[in-house]
Amino acid sequence: MSSGPGLESLVDQTISVITNDGRNIVGVLKGFDQATNIILDESHERVFSTKEGVQQLVLGLYIIRGDNISIVGELDADLDSTVDWSNMKAYPLKPVIH
Amino acid sequence: MLFFSYFKELVGREVTVELKNDLAIRGTLHSVDQYLNIKLENTRVVDQEKYPHMLSVRNCFIRGSVVRYVQLPPEGVDVELLHDATRREARGG
(Lines give C-alpha, C1' and ligand atoms only; values in the text may rest on other atoms or scores of the structure.)
Protein backbone atom coordinates (compact mmCIF):
# COMPACT_ATOMS: atom_id res chain seq x y z
CA MET A 1 0.00 0.00 0.00
CA SER A 2 1.87 3.07 -1.18
CA SER A 3 -0.68 5.80 -0.49
CA GLY A 4 -2.21 6.57 2.85
CA PRO A 5 -1.13 8.32 6.00
CA GLY A 6 2.51 7.31 6.13
CA LEU A 7 5.03 9.20 8.19
CA GLU A 8 7.39 9.85 5.23
CA SER A 9 6.53 13.53 5.16
CA LEU A 10 7.54 13.91 8.82
CA VAL A 11 11.04 12.45 8.59
CA ASP A 12 13.68 14.88 9.93
CA GLN A 13 10.93 17.04 11.36
CA THR A 14 10.14 17.68 15.00
CA ILE A 15 7.18 15.62 16.09
CA SER A 16 5.17 15.25 19.26
CA VAL A 17 4.29 11.67 20.14
CA ILE A 18 1.56 10.73 22.56
CA THR A 19 2.01 7.23 23.91
CA ASN A 20 -0.64 4.84 25.14
CA ASP A 21 0.37 5.47 28.74
CA GLY A 22 -0.29 9.18 28.25
CA ARG A 23 3.26 10.46 27.92
CA ASN A 24 4.18 13.22 25.51
CA ILE A 25 7.57 12.84 23.83
CA VAL A 26 8.96 15.48 21.48
CA GLY A 27 11.85 14.75 19.13
CA VAL A 28 13.09 14.58 15.56
CA LEU A 29 11.68 11.67 13.54
CA LYS A 30 14.55 9.64 12.10
CA GLY A 31 12.77 6.51 11.00
CA PHE A 32 9.62 4.43 11.14
CA ASP A 33 8.14 1.23 9.78
CA GLN A 34 4.82 -0.42 8.88
CA ALA A 35 3.97 -1.07 12.54
CA THR A 36 4.53 2.62 13.43
CA ASN A 37 7.67 1.75 15.39
CA ILE A 38 9.58 5.02 15.36
CA ILE A 39 13.08 6.32 15.96
CA LEU A 40 13.27 9.71 17.65
CA ASP A 41 16.45 11.75 17.94
CA GLU A 42 17.18 14.52 20.46
CA SER A 43 13.98 13.63 22.22
CA HIS A 44 12.60 14.96 25.46
CA GLU A 45 9.50 14.26 27.43
CA ARG A 46 7.04 17.00 28.38
CA VAL A 47 5.67 16.16 31.77
CA PHE A 48 2.29 17.76 32.52
CA SER A 49 1.07 18.26 36.05
CA THR A 50 -1.41 20.43 37.92
CA LYS A 51 1.14 21.36 40.60
CA GLU A 52 3.68 23.10 38.39
CA GLY A 53 4.32 24.04 34.76
CA VAL A 54 5.46 21.57 32.12
CA GLN A 55 8.78 19.91 32.98
CA GLN A 56 11.12 18.86 30.18
CA LEU A 57 13.01 15.61 30.68
CA VAL A 58 15.88 14.95 28.31
CA LEU A 59 15.72 11.44 26.82
CA GLY A 60 18.06 11.52 23.80
CA LEU A 61 17.77 8.84 21.11
CA TYR A 62 14.63 6.79 21.55
CA ILE A 63 12.89 3.95 19.79
CA ILE A 64 9.19 3.71 20.53
CA ARG A 65 7.33 0.54 19.73
CA GLY A 66 4.32 1.11 17.50
CA ASP A 67 1.96 -0.77 19.81
CA ASN A 68 2.56 1.93 22.39
CA ILE A 69 1.87 4.93 20.14
CA SER A 70 -1.42 6.84 20.03
CA ILE A 71 -0.67 10.02 18.11
CA VAL A 72 2.20 11.37 16.04
CA GLY A 73 1.75 15.11 15.63
CA GLU A 74 3.72 17.46 13.45
CA LEU A 75 5.06 20.12 15.82
CA ASP A 76 4.65 23.63 14.44
CA ALA A 77 7.79 25.40 15.70
CA ASP A 78 6.36 28.92 15.39
CA LEU A 79 3.22 27.92 17.19
CA ASP A 80 5.19 26.04 19.82
CA SER A 81 7.32 29.07 20.62
CA THR A 82 4.19 31.12 21.34
CA VAL A 83 3.05 28.66 24.02
CA ASP A 84 4.29 29.34 27.54
CA TRP A 85 4.84 25.71 28.52
CA SER A 86 6.73 26.54 31.73
CA ASN A 87 3.53 28.02 33.17
CA MET A 88 1.11 25.53 31.62
CA LYS A 89 -0.68 23.40 34.16
CA ALA A 90 -2.81 20.46 33.13
CA TYR A 91 -3.63 16.93 34.12
CA PRO A 92 -1.47 14.33 32.41
CA LEU A 93 -3.31 12.53 29.59
CA LYS A 94 -5.15 9.40 30.57
CA PRO A 95 -3.74 6.08 29.43
CA VAL A 96 -5.42 4.33 26.51
CA ILE A 97 -7.89 1.67 27.60
CA HIS A 98 -8.51 -0.82 24.80
CA MET B 1 -11.72 -3.56 3.34
CA LEU B 2 -15.21 -2.03 3.33
CA PHE B 3 -14.55 0.61 5.95
CA PHE B 4 -11.17 1.40 4.43
CA SER B 5 -12.94 2.20 1.15
CA TYR B 6 -15.62 4.04 3.03
CA PHE B 7 -13.17 6.29 4.86
CA LYS B 8 -11.32 6.98 1.62
CA GLU B 9 -14.55 8.50 0.31
CA LEU B 10 -14.56 10.87 3.27
CA VAL B 11 -11.14 12.40 2.55
CA GLY B 12 -11.38 16.17 2.64
CA ARG B 13 -14.30 16.19 5.07
CA GLU B 14 -14.27 17.55 8.60
CA VAL B 15 -14.40 14.75 11.19
CA THR B 16 -13.96 14.34 14.92
CA VAL B 17 -11.89 11.39 16.07
CA GLU B 18 -12.45 10.23 19.62
CA LEU B 19 -9.57 8.25 21.07
CA LYS B 20 -9.42 5.52 23.68
CA ASN B 21 -7.72 7.97 26.06
CA ASP B 22 -10.86 10.19 25.90
CA LEU B 23 -9.11 12.82 23.78
CA ALA B 24 -11.26 14.08 20.89
CA ILE B 25 -9.56 15.69 17.91
CA ARG B 26 -11.34 17.56 15.15
CA GLY B 27 -9.77 18.13 11.76
CA THR B 28 -9.93 17.62 8.03
CA LEU B 29 -9.47 14.01 6.98
CA HIS B 30 -6.27 13.90 4.92
CA SER B 31 -5.80 10.16 4.44
CA VAL B 32 -6.52 6.69 5.73
CA ASP B 33 -4.70 3.38 5.30
CA GLN B 34 -5.49 -0.31 5.58
CA TYR B 35 -5.06 -0.27 9.39
CA LEU B 36 -7.49 2.67 9.55
CA ASN B 37 -4.65 4.88 10.72
CA ILE B 38 -5.88 8.41 10.13
CA LYS B 39 -4.11 11.60 9.18
CA LEU B 40 -5.86 14.85 10.06
CA GLU B 41 -5.04 18.40 9.02
CA ASN B 42 -5.90 21.68 10.74
CA THR B 43 -6.48 19.79 13.95
CA ARG B 44 -7.76 21.12 17.22
CA VAL B 45 -8.45 19.24 20.40
CA VAL B 46 -12.10 19.49 21.36
CA ASP B 47 -11.51 20.50 24.99
CA GLN B 48 -8.31 22.54 24.72
CA GLU B 49 -8.57 23.95 28.25
CA LYS B 50 -8.42 20.48 29.69
CA TYR B 51 -6.04 19.04 27.08
CA PRO B 52 -3.42 21.63 26.09
CA HIS B 53 -0.94 18.87 25.22
CA MET B 54 -1.36 19.30 21.48
CA LEU B 55 -1.60 23.09 21.30
CA SER B 56 1.29 23.36 18.84
CA VAL B 57 0.20 20.49 16.59
CA ARG B 58 -1.80 21.31 13.46
CA ASN B 59 -1.38 18.06 11.50
CA CYS B 60 -1.36 14.66 13.08
CA PHE B 61 -1.25 10.94 12.48
CA ILE B 62 -3.57 8.88 14.67
CA ARG B 63 -2.90 5.18 15.05
CA GLY B 64 -5.95 3.15 14.05
CA SER B 65 -5.65 0.97 17.15
CA VAL B 66 -6.44 3.85 19.52
CA VAL B 67 -9.51 5.17 17.70
CA ARG B 68 -12.78 4.68 19.59
CA TYR B 69 -15.17 6.64 17.38
CA VAL B 70 -15.05 8.72 14.23
CA GLN B 71 -17.80 11.33 14.16
CA LEU B 72 -18.82 11.93 10.56
CA PRO B 73 -20.55 14.82 8.84
CA PRO B 74 -24.21 13.79 8.35
CA GLU B 75 -24.01 14.49 4.62
CA GLY B 76 -21.06 12.10 4.37
CA VAL B 77 -23.13 9.07 5.33
CA ASP B 78 -25.42 7.26 2.94
CA VAL B 79 -26.96 4.89 5.47
CA GLU B 80 -28.80 2.79 2.89
CA LEU B 81 -25.70 2.28 0.79
CA LEU B 82 -23.63 1.37 3.84
CA HIS B 83 -26.31 -1.05 5.07
CA ASP B 84 -26.35 -2.85 1.73
CA ALA B 85 -22.57 -2.98 1.55
CA THR B 86 -22.15 -4.37 5.08
CA ARG B 87 -24.82 -7.03 4.44
CA ARG B 88 -23.15 -8.00 1.19
CA GLU B 89 -19.78 -8.29 2.92
CA ALA B 90 -21.33 -10.32 5.76
CA ARG B 91 -22.70 -12.77 3.18
CA GLY B 92 -19.19 -13.14 1.88
CA GLY B 93 -19.31 -11.43 -1.44
Side-chain angles (χ1 to χ4, degrees), chain A residues 1-10 13-26 29 32 34-38 46-48 50 53-54 64 66-85 87-98, chain B residues 1-70:
Chain A
M1 199 100 8
S2 59
S3 66
L7 297 172
E8 294 88 358
S9 62
L10 296 176
Q13 298 214 44
T14 304
I15 58 168
S16 165
V17 178
I18 292 176
T19 60
N20 287 1
D21 56 3
R23 283 194 271 185
N24 184 190
I25 301 171
V26 175
L29 182 65
F32 67 93
Q34 278 255 2
T36 341
N37 298 315
I38 63 173
R46 288 183 175 170
V47 184
F48 287 80
T50 50
V54 176
I64 309 177
D67 291 346
N68 192 34
I69 290 175
S70 299
I71 306 174
V72 178
E74 180 182 343
L75 202 82
D76 186 316
D78 296 334
L79 213 54
D80 198 55
S81 59
T82 64
V83 180
D84 184 11
W85 293 111
N87 285 312
M88 178 78 69
K89 288 179 183 139
Y91 283 102
L93 283 171
K94 280 181 243 174
V96 166
I97 299 172
H98 288 288
Chain B
M1 264 336 236
L2 176 64
F3 281 90
F4 173 40
S5 314
Y6 178 68
F7 278 118
K8 277 200 290 194
E9 296 290 310
L10 286 170
V11 165
R13 305 269 196 158
E14 183 94 342
V15 296
T16 304
V17 181
E18 189 178 323
L19 273 56
K20 292 179 188 173
N21 57 8
D22 289 357
L23 202 63
I25 304 171
R26 190 158 177 78
T28 308
L29 189 63
H30 171 272
S31 52
V32 193
D33 68 12
Q34 55 188 336
Y35 308 109
L36 304 187
N37 295 327
I38 291 173
K39 225 173 182 176
L40 294 181
E41 287 182 335
N42 278 315
T43 55
R44 59 204 172 280
V45 171
V46 170
D47 189 352
Q48 276 198 346
E49 290 293 303
K50 193 175 168 192
Y51 303 111
H53 311 72
M54 291 182 62
L55 269 180
S56 43
V57 172
R58 281 294 96 99
N59 302 313
C60 74
F61 167 98
I62 302 170
R63 203 167 191 270
S65 60
V66 299
V67 174
R68 185 184 288 142
Y69 302 119
V70 181

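Letters A, B, ... are given to chains in the order of the sequence lines, protein chains preceding strands, and every chain is numbered from 1.
Side-chain contact between A:Asp67 and B:Arg63 is present, with heavy atoms from C-beta onward closer than 4.5 Å. Looking only at side-chain heavy atoms (C-beta outward), B:Leu19 and A:Ile71 come within less than 4.5 Å of each other. Looking only at side-chain heavy atoms (C-beta outward), B:Gln34 and A:Gln34 come within less than 4.5 Å of each other.
A salt bridge does not link B:Arg58 to A:Asp76: none of the charged side-chain nitrogens sits closer than 4.0 Å to a carboxylate oxygen.
The minimum heavy-atom distance linking A:Gly73 with B:Val57 is given by the pair CA-CG1, 3.6 Å. The two residues B:Pro52 and A:Phe48 have their closest heavy-atom pair at CG-CE2, 4.3 Å. Of all heavy-atom pairs spanning B:Ser56 and A:Asp80, the tightest one is OG-OD1, 2.6 Å. When all heavy atoms of A:Ser9 and B:Lys39 are compared, the closest pair comes out as OG-NZ, 3.2 Å. B:His53 and A:Ala90 make their closest contact through CE1-CB, 4.3 Å (heavy atoms, listed as atom of the first residue, atom of the second, distance). In plain terms, the two heavy atoms of A:Val83 and B:Leu55 that are nearest each other are CG1-CD1, 4.1 Å.
Interface remark: A:Asp78 contributes no atoms to any contact with chain B (heavy atom separation under 4.5 Å). Only the side chain of B:Ile25 comes within contact range of chain A, judged by heavy atoms closer than 4.5 Å. Contact of B:His30 with chain A is not made at all, since no heavy-atom distance falls under 4.5 Å. If you measure heavy-atom distances from A:Ser70 to chain B, the contacts under 4.5 Å come from both the backbone and the side chain. Only the side chain of B:Asp22 comes within contact range of chain A, with heavy atoms under 4.5 Å apart.
In this view, B:Phe7 satisfies the ring pair (Phe, Tyr, Trp, His ring centres under 6.0 Å) rule with no residue, not counting sequence neighbours.
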Could you walk me through whether A:Thr36 and B:Phe61 pass side-chain contact (heavy atoms from CB on, under 4.5 Å), step by step?
-> CA-CA 10 Å; A:Thr36 341; B:Phe61 167 98; 3.5 Å; yes
